[in-house]
Student: 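Structure provided below as structure tokens; questions to follow.
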Amino acid sequence: MEQHWNNIYTSTIEEAVDRIGKIPGVVLGFHSTIDGLKRIEPEKVETALKEHAPKEQLPIEINDPADLMTGMLHGLIPGKALQLMIRNENTFRWLMEAFGYDELRMGGTSGNMANALSPLNFQKILVYANPLTKEQAQLFNDDENLLVLKQDADGSFQLHHPHQAWEGEGIKALHWILEYPQGVEITTAQGTITTPRANRYIAAWNPVNNKLQITETFKQGLLATGDQFSHFIVSGFHILSETYPDGSTYLDCLRPVADFLRELRQAHPHLKLHYEFASIASSKIRKGILTEIIPLVDSLGLNEVELVALLKDLDAADLASRIQEHNRIGEVLAGTVHLMKKLNINRIQLHDLGYYLCLTKPGFVTPSRTRQGLVLAATLAAARTKMGRISGPQDIFTGLEVPLSQEGLDRLAELAELCGESLAKEGTTTYEGFDLAYLPTKVVERPVLTVGLGDLISSTGFILGT
């Protein structure tokens with residue numbers, strides 16, 4: 001079975017890579033920022049836990065150091081990705097003094113996607129970055145296909161490289177990334193924990209964009225230039241709060257974004273839209289996104305943690321609990337099907353360590369095209385995780401050298417018993433009225449870099465798979 005699937009990768013990847021240069025253009029919004037990358041130091045974590053005892057319940061936001069440490073443990077113990085927003089400036093300053101950062105890198109879903117995609121010869125990549133200060137602009141790649149919108153003196157909207165379009169200086173937002181490998185041991189008041197796998201915990205400070213107010217330049221500029229692009233990946237909603245000091249709420253932030261997307265779809269109906277979920281602790285905000293944003297997009301990307309959260313929001317708590325407790329692939333599929341039916345969306349792509357699973361409505365895209373997108377995403381992710389960065393399309397093929405996930409193959413065999421042998425042989429079948437694609441992925445045992453990996457997987461899977 002392993003050799004069979006390696007052959008599928010090999011026979012699929014060359015055409016997929018060749019198609020990249022034929023994509024007219026990709027839009028990435030609404031979240032680029034600066035990341036402070038920090039590799040875990042158990043001693044510092046243990047000291048912070050002693051000084052700020054974690055709370056029993058996972059907070060939806062970080063308002064004090066104890067909230068921050070509570071979130072950290074909730075990620076470290078299961079080895080799951082988690083992101084929480086910091087709302088208190090004193091807590092952010094404490095964090096910088098207690099842990100600091102090893103280096104500054106590009107951050108935010110849009111920024112990460114932009115730098116991951118720009119070396120791959122897409123014709124145009126338009127990225128949203130606000131504010132585009134000199135420090136933010138310098139973190140974007142040099143690639144000529146990487147662009148931002150700017151209004152020139154004559155009132156026209158033009159595409160410029162970020163390095164030629166920045167205004168002002170200074171770091172206005174910083175997202176702190178704690179990366180940890182598998183097997184790290186940390187002593188807590190309750191005993192020693194050992195991280196079951198490599199992952200990261202994100203604590204984000206972003207007061208500039210915490211209302212997700214899209215600039216008029218980007219709105220009007222994209223309406224004017226939208227015919228140059230084929231795909232739009234929407235993300236960044238995890239920076240929202242339920243309420244704000246001025247009395248406004250998350251709905252007051254979501255609805256103007258929805259109005260813009262609606263206007264954009266009317267002006268450019270050819271544009272395919274994908275919403276990339278992220279770790280959002282607030283059920284209210286998640287439900288707001290499901291109500292206001294999801295009806296306007298074609299595709300949804302998420303991981304198992306986000307799937308569980310959305311199932312709870314959609315009154316499927318029993319199914320969510322079974323996935324959370326047992327992590328059986330049949331129940332993951334049932335959960336994804338439930339989401340497809342509830343949301344009435346054209347496509348859902350789920351990624352987890354070891355496999356990708358994608359459901360599409362019949363007629364939206366062919367199953368073979370869906371699988372091609374998943375193979376490209378998996379090969380690219382493996383290459384980037386192994387090498388740390390991708391310099392050009394030729395580097396993608398390095399991912400073929402990475403071994404297939406045994407867990408992904410085992411889950412495929414389990415799923416084939418439910419869905420039929422064609423799934424095991426080809427990775428595609430039909431299930432409950434939907435086209436189903438499944439791919440066992442390639443997993444690097446000792447990853448060089450994992451930040452932004454989910455963004456890379458979902459974006460390439462969507463762009464090349466639709």
Side-chain angles (χ1 to χ4, degrees), residues 16-32 106 108-130 132 136-152 156-166 214-236 260-261 263-265 267-276 297-299 301 369 372-373 376-377 380 384 389-396 452 455-466:
V17 172
D18 182 62
R19 282 190 55 236
I20 293 174
K22 299 174 183 177
I23 303 294
V26 179
V27 184
L28 306 172
F30 300 104
H31 185 223
S32 299
M106 174 60 73
T109 45
S110 302
N112 282 328
M113 288 182 192
N115 275 358
L117 298 178
S118 66
L120 302 182
N121 289 350
F122 287 97
Q123 293 181 34
K124 291 187 183 75
I125 297 173
L126 172 61
V127 61
Y128 181 80
N130 174 51
L132 185 62
Q136 180 75 67
Q138 288 175 336
L139 294 174
F140 283 104
N141 290 345
D142 293 331
D143 303 300
E144 294 181 358
N145 60 353
L146 188 51
L147 304 163
V148 294
L149 272 164
K150 192 172 182 180
Q151 190 168 19
D152 286 353
S156 64
F157 295 99
Q158 302 295 330
L159 300 170
H160 297 274
H161 192 279
H163 294 177
Q164 280 75 55
W166 59 269
I214 307 167
T215 66
E216 282 301 311
T217 296
F218 188 84
K219 287 181 181 179
Q220 299 306 317
L222 186 54
L223 286 168
T225 62
D227 58 344
Q228 301 181 40
F229 303 93
S230 55
H231 295 76
F232 186 1
I233 299 174
V234 181
S235 62
F260 168 59
L261 294 179
E263 186 178 5
L264 184 66
R265 297 222 70 159
H268 302 287
H270 73 283
L271 201 57
K272 293 185 176 70
L273 271 66
H274 171 90
Y275 178 83
E276 182 61 20
V297 303
D298 300 293
S299 175
R369 177 56 53 84
Q372 185 185 74
L376 178 71
L380 176 60
R384 195 259 198 159
R389 62 167 295 160
I390 300 296
S391 300
Q394 70 282 352
D395 287 346
I396 298 174
D455 300 333
L456 177 62
I457 291 164
S458 286
S459 59
T460 51
F462 165 66
I463 296 166
L464 273 297
T466 58

Student: Mark yes when over 12 heavy atoms from residues, nucleotides or ligands other than Q164 sit less than 6.0 Å from its CD; otherwise mark no.
Tutor: yes
Student: CG of L376 to CG of L464: how many Å apart, nearest 0.5 Å?
Tutor: 4.5 Å
Student: Only counting residues at least two apart or in another chain, list the ones meeting ring pair (Phe, Tyr, Trp, His ring centres under 6.0 Å) with H163.
Tutor: H161
Student: Test your reading of the model: is there a side-chain donor-acceptor pair from H270 to the backbone of S230, 3.5 Å cut-off?
Tutor: no
Student: Going by ring pair (Phe, Tyr, Trp, His ring centres under 6.0 Å), name the residues that satisfy it together with F232, two or more places apart in sequence or in a different chain.
Tutor: F30
Student: Are any non-hydrogen side-chain atoms of I20 and T460 less than 4.5 angstrom apart?
Tutor: no
Student: List the residues meeting side-chain contact (heavy atoms from CB on, under 4.5 Å) with K150, not counting sequence neighbours, and say none if there are none.
Tutor: H160, A165, E167
Student: So which heavy atom on V148 is nearest to which on V127, and how close?
Tutor: CG1-O, 3.5 Å
Student: Which atom names give the shortest non-hydrogen contact between Y128 and I214, and what distance separates them?
Tutor: OH-CA, 3.4 Å
Student: Between D143 and F122, is any pair of side-chain heavy atoms under 4.5 Å apart?
Tutor: no
Student: Once side-chain contact (heavy atoms from CB on, under 4.5 Å) is applied, do any residues pair with A129, and if so which ones, sequence neighbours excluded?
Tutor: S32, L132, F140
Student: Please tell me if the side chains of S299 and T466 come closer than 4.5 Å, counting only heavy atoms from C-beta onward.
Tutor: no
Student: For P24, does its backbone N or O pair with a side-chain atom of H231 as donor and acceptor, under 3.5 Å?
Tutor: no
Student: What pairs with E276 under side chain to side chain donor-acceptor pair (under 3.5 Å), at least two apart in sequence or on another chain?
Tutor: H274, S458
Student: Which heavy-atom pair separates T217 from F157 by the least distance, and what is that distance?
Tutor: O-CE2, 3.6 Å
Student: What heavy-atom pair brings I23 and V26 nearest, and what distance separates the two atoms?
Tutor: CG2-CG2, 4.1 Å
Student: Nearest 0.5 angstrom please: L147 CG to I125 CD1, how far?
Tutor: 8.5 Å
Student: Are Q136 and W166 close enough that some pair of their side-chain heavy atoms sits under 4.5 Å apart?
Tutor: no
Student: Do Q151 and Q158 come close enough that some side-chain heavy atom pair is under 4.5 Å?
Tutor: no
Student: Which one of V297, I463, D455, L273 satisfies the side-chain contact (heavy atoms from CB on, under 4.5 Å) criterion with I233?
Tutor: I463
Student: According to side chain to side chain donor-acceptor pair (under 3.5 Å), who are the partners of N145, at least two apart in sequence or on a separate chain?
Tutor: none
Student: For Q138, which residues count as a side chain to side chain donor-acceptor pair (under 3.5 Å) partner, sequence neighbours excluded?
Tutor: none
Student: So which pairs with a foot in residues 216-228 pass salt bridge (charged side-chain N to carboxylate O under 4.0 Å, His left out), sequence neighbours left out?
Tutor: E216-K219
Student: Taking side-chain contact (heavy atoms from CB on, under 4.5 Å) as the definition, give me every residue that meets it alongside P393, ordered by chain and number, with sequence neighbours left out.
Tutor: V17, N121
Student: Looking at N115 and S118, what are the two nearest heavy atoms and their distance?
Tutor: O-OG, 3.7 Å
Student: Say you draw a straight line from CG of L126 to CG of L149; how long is it, rounded to the nearest 0.5 Å?
Tutor: 4.5 Å
Student: Of all heavy-atom pairs between G236 and H31, which one has the smallest distance, and what is that distance?
Tutor: CA-CB, 3.6 Å
Student: Is it the case that the side chains of N130 and T215 hold a donor-acceptor pair, with the cut-off being a distance below 3.5 Å and no angle test?
Tutor: no
Student: Please check: side-chain N/O of S156 versus main-chain N/O of D152, any donor-acceptor pairing under 3.5 Å?
Tutor: no
Student: Checking D298 now: which residues fulfil salt bridge (Lys or Arg N to Asp or Glu O under 4.0 Å) with it, not counting sequence neighbours?
Tutor: R265
Student: Report the residues that fulfil side-chain contact (heavy atoms from CB on, under 4.5 Å) with R369, sequence neighbours left out, ordered by chain and then residue number.
Tutor: R19, V365, T366, Q372
Student: Report the residues that fulfil side chain to side chain donor-acceptor pair (under 3.5 Å) with S391, sequence neighbours left out, ordered by chain and then residue number.
Tutor: none
Student: Would you check if L456 and N112 make a side-chain contact, meaning some heavy-atom pair closer than 4.5 Å?
Tutor: no
